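Quick notes on the structure that follows.
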Amino acid sequence: MKWETSMKITLLATSDVHGYIYPTNYATDQEQPYGYAKIASRIKQIRETSPDPLYVIDNGDFIQGSPFSYYLAKQQDHHVSELTNVLNEMDVDASILGNHEFNYGLSYLEQAIASYHHPVLSANILTSKGDPYFGQPYVMIEKQGIKVAILGLTTQYIPHWEQPETIKDLQFVSAVEAAKQYVPKLRELADVVVVAYHGGFEKDLETGEPTEALTGENEGFQLLQEVAGMDALITGHQHRVIATKVNGVPIIQPGYRGEFLGKIELSLERTVNGYRVSDGKAELISLVTDEADEDILSLVQKTENELQTWLDQPVGEVQGNMKITDPMQARIVEHPYIEFINRVQMAASGVPISGTALFNNEGQGFNETITMREIITNYIYPNTLAVLKITGQDLRDALEQTANFLAIESGEIVFNPTFIEPKPQYYNYDMYEGIDYEIDLRQPVGQRITKLARAGKPIHPEEDLEVVMNQYRAVGGGNYHMFSADKIIREIQIDMTELIADYLRKHQRIHAEVNHNFRVIK
């Protein structure tokens, strides 16, 4: 049979945009080199200059994660379509469900899906009967005579993060299991089979060595090893920057907030029955020099202006210094901002012990006048709270796990590099209020909690305790297996951003203070 190269197709992919349209992080007024408006500008440019069929895919986590997306979800006179219309304007071919799509509840997600002008895919989120819950596991799209199948997959780990009530009627199966079911069928129906997976890689792509606990959260490496027939693999979730080939399959992961546009170019050969992929290459397009697209900006400008006014409204005042200048130091020596967050959680729940985290290194704490901007850019997740009934041993085990996120390098305490690459896990290092404890990094792993007491008395392993924490951690998020949904005794169904604002309205002036109830020893 004679083969001859005859066509090319281009896949453009975004992932983990997290509601960022304007090129801003909202904490400052300075322009940032990301946001979907910049992506849109580059997509339009490629469309205008490329004669080849073009497929545009959003790989999930689009409707949550920025102050803009939060504002839409929380203001009654706004609708999620103000965000989804951005993708509609760009004639996106398919969207994949990400884990953060569920954060504002199933009803909100279903409104978002209904507002899209394109299919929203997930083959491994199922009904109790085993059918795709959201309707379409894949889509077949033909352009210029080339049949392209796009299979959507979502990390199966959502039950470990999401409120049980939100997902009670859903089944989450392995992405690998679903791919093995669908890819062979799609191989028979299509010229090109694209897998778009809102998940990442659990092992090093070159050595195959595990880069994290093999929980099933990320199955990208396993997909590449066990699922034959993929012509391209789009990934996300980990916010990594990846463009390479593994086992001949071009793969991409385009970062976070729209900082890169992923591009896969596939060369096709004509066959008796259609086409086959003969070669492929992957790249990531930086958007640093791109101008934001004016059409996209105009779509959201009215709401963006409202948002900026809302973000700048004062909510309370601080007496003293609650600024974060050194995020690492704030984790090892109790910081007034961390103590404040724990105090808010204790007040909202009425329980005497609270745990929280400093989610990333971008939070700057509070100025003397606290605005909504500072609240929402410091507490970046739409978490609600849960109260758990646990044992003293559970609490000790949790603290031992937290201790593993610290290490000593050149005599200084640092965040354990194991938990920074391939994805920073700052949000999994917890700090507690209502107990007194010490982390001694000189001791062996599993024996680093050398003091654990409450009200001057040691906490015993069999002792029952009520502890408040965010819902993500309460169901075991971050691989805190000592916590689980069956230990939740009640929930506070108001997200933390609102709880913080409500607390400040009741306590107009707060004090920047700490009681130094924990100590880290090197």
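Here the structure is a predicted model, which means the values were calculated and not measured.
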- Message: I'd like to know if Glu362 and Arg257 make a salt bridge, using a cut-off of under 4.0 Å between side-chain N and carboxylate O.
- Response: yes
- Heavy atoms only: give me the nearest Trp161-Gln471 pair and the separation to one decimal. O-OE1, 2.8 Å
- Item | Any side-chain donor near an acceptor of the partner, Glu212 and Asn218, under 3.5 Å | yes
- Are Phe68 and Tyr22 near enough that their ring centres are under 6.0 Å apart? no
- Message: I'd like to know if the side chain of Thr155 and the backbone of Glu217 have a donor-acceptor N/O pair within less than 3.5 Å.
- Response: yes
- How about Tyr437 and Phe518: are their ring centroids closer than 6.0 Å? yes
- Message: Taking the ring of His18 and the ring of His239, is the distance between their centroids below 6.0 Å?
- Response: yes
- Using the test side-chain hydrogen bond (donor to acceptor under 3.5 Å, both in side chains), find all partners of Tyr480 that sit at least two apart in sequence or belong to another chain. Thr402
- If you measure from the Lys or Arg side-chain nitrogens to the Asp or Glu carboxylate oxygens, is any gap between Asp486 and Lys389 under 4.0 Å? no
- Message: Checking the side chain of Ser66 only, and the main-chain atoms of Gly19 only, is there a donor and an acceptor separated by less than 3.5 Å?
- Response: yes
- Is there a donor-acceptor contact under 3.5 Å linking the side chains of Glu101 and His198? no
- Can a donor-acceptor pair be found between the side chains of Asn361 and Tyr426 at a distance below 3.5 Å? yes
- Query: With a 4.5 Å heavy-atom cut-off, do Ile285 and Phe260 have their side chains touching?
  - Reply: no
- Partners of Val249 by side-chain contact (heavy atoms from CB on, under 4.5 Å), sequence neighbours excluded? Leu224, Leu233, Ile251
- Would a distance-only check, ignoring hydrogens and angles, find a side-chain to backbone donor-acceptor pair under 3.5 Å from Gln136 to Tyr138? yes
- Query: Under 3.5 Å, side chain of Glu409 to main-chain N/O of Phe415, donor-acceptor pair present?
  - Reply: no
- Query: Is the closest side-chain donor-acceptor distance between Gln222 and Glu226 under 3.5 Å?
  - Reply: yes
- Message: Assess, by modelled atom type and distance only, whether the side chains of Gln329 and Asp326 contain a donor and an acceptor separated by less than 3.5 Å.
- Response: no
- Message: Quick one: does any side-chain atom of Glu202 pair with a main-chain N or O of Phe221 as donor and acceptor, under 3.5 Å?
- Response: yes
- Item | Whether Ser122 side chain and Leu153 backbone form a donor-acceptor pair below 3.5 Å | no
- Message: What I want to check is whether the side chains of Thr391 and Glu462 have a donor and an acceptor closer together than 3.5 Å.
- Response: no
- Message: Just so I know, are the side chains of Pro33 and Glu259 near enough to count as touching, which here means a heavy-atom distance under 4.5 Å?
- Response: no
- Message: Salt bridge or not between Glu31 and Lys38? Use side-chain N to carboxylate O under 4.0 Å.
- Response: yes
- Do side-chain atoms of Asp61 reach the backbone of His100 as a donor and acceptor pair under 3.5 angstrom? yes
- Give the minimum heavy-atom separation between Gly200 and His237, together with the two atoms involved. N-CB, 4.3 Å
- Do Val241 and Gln253 touch side chain to side chain, with heavy atoms closer than 4.5 Å? no
- Message: Using a strict threshold of under 4.0 Å (side-chain N to carboxylate O), is an ion pair present between Asp394 and Lys487?
- Response: yes
- Under the side-chain contact (heavy atoms from CB on, under 4.5 Å) rule, collect the residues that match up with Ala386, sequence neighbours excluded. Leu388, Ala474, Ile488, Glu491
- Distance (rounded to the nearest 0.5 Å) between Asp191 CG and Ile9 CD1: 9.0 Å
- Item | Nearest heavy-atom neighbours spanning Ser95 and His118 | OG-NE2, 2.8 Å
- Check whether the side chains of Gln393 and Asp397 place a donor and an acceptor atom closer than 3.5 Å, and report yes or no. yes
- Scanning both residues in full, the closest heavy-atom pair of Asp58 with Val92 reads N-CG1, 4.1 Å
- Item | Close side-chain approach of Glu334 and Met431, heavy atoms under 4.5 Å | no
- Side-chain donor/acceptor of Tyr429 to backbone N/O of Arg331, under 3.5 Å: yes
- Message: Please check this pair: side chain of Asn124 against backbone of Phe172, looking for a donor-acceptor N/O pair closer than 3.5 Å.
- Response: no
- Salt bridge between Lys129 and Asp131, side-chain N to carboxylate O under 4.0 Å? no
- Query: Going by atom types only, do Asn103 and Tyr472 share a side-chain donor-acceptor pair under 3.5 Å?
  - Reply: no
- In this structure, CG of Leu284 is separated from CD1 of Ile242 (nearest 0.5 Å) by 8.5 Å
- Query: Looking at side-chain heavy atoms only, is the closest gap between Val148 and Val194 below 4.5 Å?
  - Reply: yes
- Charged N-O contact under 4.0 Å between Lys245 and Asp279: yes
- Item | Any Arg240 side-chain heavy atom under 4.5 Å of Phe201 side chain | yes
- Task: Check whether any side-chain heavy atom of Gln425 lies under 4.5 Å from a side-chain heavy atom of Ile420, and answer yes or no.
- Result: no
- Query: With a 3.5 Å cut-off and no angle check, do the side chains of Ser267 and Ser278 form a donor-acceptor pair?
  - Reply: no
- Check: Asn342/Thr356 side-chain N/O donor and acceptor closer than 3.5 Å: no
- Glu438 pairs by salt bridge (Lys or Arg N to Asp or Glu O under 4.0 Å) with which of Arg448, Arg519, Lys522? Arg519
- Message: Using side-chain heavy atoms (C-beta onward) and a distance below 4.5 Å, is Ser354 in contact with Tyr432?
- Response: no
- Item | Asn383 and Arg473 side chains, donor-acceptor separation under 3.5 Å | no
- Query: Taking the six-membered ring where the residue is Trp, are the ring centres of Phe359 and Tyr381 under 6.0 Å apart?
  - Reply: yes
- Task: Inspect the contact between Lys168 and Glu165 and indicate whether a charged nitrogen and a carboxylate oxygen are less than 4.0 angstrom apart.
- Result: yes
- For Ile252 and Ala282, which heavy atoms make the closest approach, and how far apart are they? CG2-CB, 3.7 Å
- Closest non-hydrogen atoms of Tyr337 and Gly365, given as atom of the first, atom of the second and distance, are CD1-CA, 4.4 Å
